[in-house]
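Read through the structure below, which is laid out as C-alpha cells, and then see the notes.
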Amino acid sequence: MTISQNHNFKDKTIVITGAGGVLCGFLAKQLAKTGAKVALLDLNLESAVKFADEIVAEGGIAKGYQTNVLELESLKATRDAILKDFGTCDILINGAGGNSPKATTDNEFHETNLPENTKSFFELDKAGVEFVFNLNYLGTLLPTQVFAQDMVGKTGANIINISSMNAFTPLTKIPAYSGAKAAISNFTQWLAVHFSHVGIRCNAIAPGFLVSNQNRGLLFDQDGNPTARANKILTNTPMGRFGEPEELVGGILFLMDERYASFVNGVVLPIDGGFSAYSGV
Ligand code: NAD
C-alpha cells in the first residue's frame with residue numbers, strides 16, 4: 001500500500017493512546033507514513049518511545065509520552081507537552097484497552113458440579129471487572145475530554161475508537177471486556193451526534209481476531225496447530241483465517257481521511273473477515 005501517495009496528513013497531529021502496544025504501535029508506524037506528526041501515548045514509556053524512535057529512524061515525525069489514560073492530570077500534562085512539540089491534536093485514536101484474567105471465567109458454560117477450584121461467573125472479581133470497564137470505557141472517555149477541546153472547529157478533526165467484534169455479540173468467558181467494548185461502540189455514536197455541530201467526526205473500528213505476539217500462544221500449540229478455541233474462531237469466521245494487523249490500516253485511513261469519509265460519522269466498522277455477520281449456519 002502506498003500510504004504516502006494516497007493520504008497526506010502533513011502538518012496534522014495524530015494522538016494515539018495505547019501506542020506502546022502491539023496494534024497501536026504498528027498503526028502509529030503506518031500512519032506516520034502520511035507525513036503526520038504522531039504522538040504515541042502509553043503507560044509504558046519505554047515501549048512508546050521505542051516505536052517513536054523507529055518512526056523517526058525511518059524519516060517520520062513522532063514522540064513517545066508516558067500517559068495514564070485513567071488520570072486527567074496525566075492526560076492534561078501530555079496535552080501540554082504535545083502542544084509545545086507538535087501543536088494541537090487533529091486526530092485522536094483511542095487505542096488503550098484490554099482484558100484481565102480476573103474478569104474472565106474458566107468455562108464457556110456454567111455447569112452443575114464444576115471442580116472446586118473453577119473460576120465460575122460467581123467467583124469473578126469485582127475489582128477485576130471494574131479494571132476492565134475503566135480501562136476500556138473511561139480510558140476512551142477521558143482522553144476524548146482532554147484532546148477534543150482543542151479539536152472543536154478544526155478542519156478535518158476526528159476521533160477513532162477501538163471497539164471489538166465482541167461488542168456486537170459477546171464472546172464467552174469475558175463479560176466485562178465484551179460489555180466495555182459494547183459501551184465504546186455506543187459512546188462512539190453518542191460522540192458523533194454530540195460533536196456534529198462543531199466539525200468533529202467520531203467513528204470506531206471493531207477488529208476481529210488478529211494474530212499478535214500476545215495471543216499467538218493461545219491460538220496455536222507448540223507445533224503451530226490451532227488450539228480448540230482457535231478452531232472455533234476459524235469455523236465462525238467465514239473467510240476462514242485470522243486477520244493481520246496490516247488489515248486494520250485501510251479502515252483507519254479511510255475513516256480519518258476527510259477526502260474519503262467527510263460524511264461518515266458514528267459508524268463502527270467491523271474488520272473481522274465476516275465474523276460479526278455470520279450466524280454460524
Ligand atoms: P496491547 O496490550 O498490546 O496494547 C495496549 C496498550 O495499552 C499497552 O501498551 C498498555 O501499556 C497500554 N495501556 C494499558 N493501560 C493503560 C493506561 N491506563 N494508560 C495508558 N496506556 C495504557 O493490546 P492490543 O492487542 O494492541 O490492543 C489494542 C486495542 O485494540 C485495545 O483497545 C484492544 O482492546 C483492541 N482490540 C484488540 C484485538 C486483538 O486481536 N489484539 C481485537 C479487538 C480489539
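Start at 1 and go down the list; that is how both ligands and their atoms are numbered. In this chain, numbering begins with 1 at the start of the sequence shown. Basis for what follows: all heavy atoms, side chains included, without hydrogens, waters or symmetry-related copies.
- Using a distance-only test at 3.5 Å, with no hydrogens or angles considered, a donor-acceptor pair links the side chain of Ser120 to the main chain of Phe122.
- Residue Asn68 approaches ligand 1 through these ligand atoms, each under 4.0 Å from one of its heavy atoms: 17 (C), 18 (N), 19 (N).
- Leu23 and Val49 fall into different hydrophobic clusters, where Ile, Leu, Val, Met, Phe, Trp and Tyr are joined by side-chain heavy atoms under 4.5 Å apart, directly or via other members.
- Heavy-atom separations between Gly95 and ligand 1 include at least one value shorter than 4.0 Å.
- Ligand-side atoms of ligand 1 in range of Tyr177: 33 (C), 34 (O), 35 (C), 36 (N), 44 (C), range being under 4.0 angstrom from any heavy atom.
- With a 4.0 Å cut-off on non-hydrogen atoms, Thr67 touches ligand 1 through its backbone and not its side chain.
- We find the CD-CD1 distance between Glu247 and Ile271 to be 9.0 Å, quoted to the nearest 0.5 Å.
- Every heavy atom of Phe26 sits 4.0 Å or more from the atoms of ligand 1.
- Here's the thing with Leu43: one of its N/O atoms is less than 3.5 angstrom from an N/O atom of ligand 1.
- Atoms of ligand 1 lying under 4.0 Å from any heavy atom of Leu210, numbered from 1 in the order shown and given with element: 40 (O).
- Proximity of Thr17 to ligand 1 is not established, as no heavy-atom distance is less than 4.0 Å.
- Counting only heavy atoms from C-beta outward, the side chains of Leu135 and Phe131 approach each other to under 4.5 Å.
- Within the 4.5 Å cutoff, the side chain of Asn136 has heavy atoms near those of the Tyr177 side chain.
- In summary, the atoms of ligand 1 found under 4.0 Å from a heavy atom of Gly18, numbered by their order in the structure, are 6 (C), 7 (O).
- Between Ala28 and Leu40, the shortest heavy-atom distance links the atoms CB-CD2, 3.6 Å.
- Neither the backbone nor the side chain of Met165 has any atom closer than 4.0 Å to an atom of ligand 1 (non-hydrogen atoms only).
- Using a distance-only test at 3.5 Å, with no hydrogens or angles considered, no donor-acceptor pair links the side chain of Thr172 to the main chain of Glu108.
- Only the backbone of Ser163 comes within 4.0 Å of ligand 1, judged by heavy-atom distances.
- Atoms of ligand 1 lying under 4.0 Å from at least one heavy atom of Gly208, given by number and element, are 40 (O), 42 (C).
- Heavy-atom distances between Ala206 and ligand 1 stay at or above 4.0 Å for every pair.
- Between atom 10 (C) of ligand 1 and the options Asn94, Leu23, Asp42, the minimum heavy-atom separation is to Asp42.
- At a heavy-atom distance under 4.0 Å, no atom of Phe209 approaches ligand 1.
- Here the side chain of Asp42 pairs a donor or acceptor atom with the backbone of Asn44 at under 3.5 angstrom.
- Hydrophobic clustering (side-chain heavy atoms under 4.5 Å, transitive across Ile, Leu, Val, Met, Phe, Trp, Tyr) keeps Leu43 apart from Tyr65.
- For ligand 1, the polar-atom distance check against Leu41 finds no nitrogen or oxygen pair separated by under 3.5 Å.
- Residue Leu83 holds its CG atom at 14.5 Å from NZ of Lys76, rounded to the nearest 0.5 Å.
- Not a single N or O atom of Ile162, backbone or side chain, sits closer than 3.5 Å to an N or O atom of ligand 1.
- The main-chain N or O of Gly266 is found under 3.5 Å from a side-chain atom of Asn203 such that the two form a donor-acceptor pair.
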